[in-house]
Amino acid sequence: MSVPPGSTIGIIGGGQLGRMLSMAAAQLGYKCHIYAPDETPPAVEVAAAFTRGAFDDAEALARFAAQVDVVTYEFENIPTHALTAITATAALHPSVRSLEIAQDRLNEKEFVLSLGGRPAPFASVDSRDDLDTALDQLGAPAILKTRRLGYDGKGQARIDAPAGTDAAWEAIKGASSVLEGFVTFDAEFSILLCRGSGGELAIWDAPRNVHANGILDRSIVPAGSALAPAIAKAEGLARRIADAIGHVGMLAIEFFAVGGEAVFNEMAPRVHNSGHWTIEGAATSQFENHIRAICGLPLGATDLEAARVEMTNLIGSDVEAWPALLAERGAHLHLYGKKHPRPGRKMGHVTRLSGRAD
Ligand code: AMP
């Protein structure tokens, strides 16, 4: 059953992803109601309603769900028991199952293996002894990552030699983790896929992603012909993942390209930073297609709007360059309305298009 324009979409999470989702929803005549714990989340400035509440408050979430026609999320660290409470009152897309898999790095990797995908070599770590065993098995360098609650390089510690094991264990505070072998990659890229309520898929050209300090710095489309074999394999895996879960909405999967192979890194059952370029760079943005999918509408085309599209994140004080970016011909500036440009904080992004699309 479709949720027609004029209806209200509930979005859990109030960051820039919720802000851009709300703007895309408004263009299609929907109202958005944001649920978030913060006092003044970026999404609220462009949404019709706001409920302030904790992500683990199942009762508040259920009351919120009763006021909207469909619920989605832009944030992954929501306890699934609290989300399940929503499903009694409103449709939730993507489902709790999509989130459950993506929330836990170990589950995610095992799920991907079961579908014929190839994650980086990994071992589960639940104790200090496990960490020694895992490091013996995988060798240094390796990266210790908490199973849950990690993002933008947080909840991670690199181990360059066995002597660094204690420091890494302390850095992640002894949380249940996975140790990952270090992947010497040719490049990083992501698959951006949207699956509609009837199972139809929209897939964009895969961006090549460049990270700095564990945070996305730039996404470049097209990714370049050298990555084509790895991207083709990754796209096949992404389709299998989306279909196996019965996913509805955006699914973004990050990969390492290694000599024509695609090594799975992680997936997000939501709109994703590496898809921001689609706002001006593609016929339909990731935000609009996510709204279309969760409302049961047909998906829009994903064709490129230019020969080359590049998105650059404005992190921390980078945002101070906004007057120059605004003056730059062909640069599309997005500011998220955040007051304090702390180091590592995503304050906005700029997308540059060049050349005519084929
Ligand atoms: P993540 O939060 O897991 O996506 O990690 C953030 C970034 O750290 C990635 O995009 C890579 O640039 C780098 N990274 C993470 N895991 C690995 C790995 N196993 N080998 C090499 N680089 C990695």
Side-chain angles (χ1 to χ4, degrees), residues 15 17 75-77 99 101-113 117-125 131 134-135 137-161 164-165 168 171-173 175-192 206-221 223 227 230-231 234 237-238 241 250-259 261-277 311-313 315 343-346 349:
L17 302 179
F75 176 78
E76 266 156 275
N77 296 324
L99 194 64
I101 294 168
Q103 266 181 351
D104 183 321
R105 285 190 192 272
L106 186 63
N107 287 354
E108 187 180 76
K109 290 177 197 304
E110 283 169 351
F111 181 68
V112 162
L113 272 177
R118 175 181 156 188
F122 67 96
S124 167
V125 173
L131 180 54
L135 195 64
Q137 185 191 328
L138 301 177
I143 305 185
L144 185 61
K145 300 183 179 181
T146 56
R147 281 176 65 171
R148 294 176 166 273
L149 304 176
Y151 69 98
D152 283 351
K154 293 191 178 73
Q156 297 192 8
R158 184 175 158 146
I159 304 178
D160 285 310
T165 316
I172 63 143
K173 301 187 178 73
S176 279
S177 309
V178 281
L179 187 70
E180 264 181 45
F182 195 79
V183 178
T184 310
F185 51 77
D186 304 323
E188 294 187 77
F189 66 92
S190 49
I191 299 293
L192 303 164
R208 181 165 67 81
N209 300 322
V210 181
H211 290 79
N213 305 316
I215 305 178
L216 183 67
D217 177 35
R218 284 179 299 141
S219 291
I220 301 145
V221 185
L227 298 188
I231 289 174
L237 175 64
I241 291 175
M250 279 299 301
L251 179 68
I253 312 186
E254 294 181 81
F255 289 91
F256 304 120
V258 183
E261 294 299 321
V263 176
F264 171 94
N265 178 20
E266 62 178 355
M267 66 189 228
R270 55 166 170 79
V271 288
H272 193 260
N273 194 171
S274 67
H276 291 1
W277 64 270
M311 188 280 322
T312 305
N313 267 337
I315 312 270
R345 193 168 195 214
K346 291 175 179 169
H349 72 265

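None of these values were measured; they are calculated from a predicted model. Whatever order the structure lists ligands and atoms in, that order sets their numbers, starting from 1.
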In terms of atom number and element, which parts of ligand 1 are under 4.0 angstrom from non-hydrogen atoms of [X]?
X      : result
Arg105 : 2 (O), 3 (O)
Gly181 : 19 (N)
Phe185 : 21 (C), 22 (N)
Glu188 : 9 (C), 10 (O), 11 (C), 12 (O)

**Asked** Under 3.5 Å between some N or O of ligand 1 and some N or O of Val183?
**Response**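 Yes, Val183 has an N/O under 3.5 Å of an N/O on ligand 1.
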
For ligand 1, the portion of [X] having any non-hydrogen atom under 4.0 Å away:
X      : answer
Arg158 : neither
Ile143 : side chain
Leu216 : neither

**Request:** Could I get the full list of salt bridge (Lys or Arg N to Asp or Glu O under 4.0 Å) partners for Arg218, not counting sequence neighbours?
**Result:**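 Arg218: salt bridge (Lys or Arg N to Asp or Glu O under 4.0 Å) contacts with Glu310.
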
**Message:** Please state which option from Gly214, Pro121, Ala268 has its nearest heavy atom closest to atom 7 (C) of ligand 1.
**Reply:**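 Comparing heavy atoms across Gly214, Pro121, Ala268, the nearest one to atom 7 (C) of ligand 1 lies in Gly214.
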
**Message:** Using the ring pair (Phe, Tyr, Trp, His ring centres under 6.0 Å) criterion, which residues pair with Phe122? Sequence neighbours excluded.
**Reply:**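 Phe122: no ring pair (Phe, Tyr, Trp, His ring centres under 6.0 Å) contacts found.
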
**Request:** Classify the angle between the aromatic ring planes of Phe255 and Phe264 as parallel (below 30°), tilted (30 to 60°) or perpendicular (above 60°).
**Result:**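 The arrangement is perpendicular - the two ring planes meet at more than 60°.
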
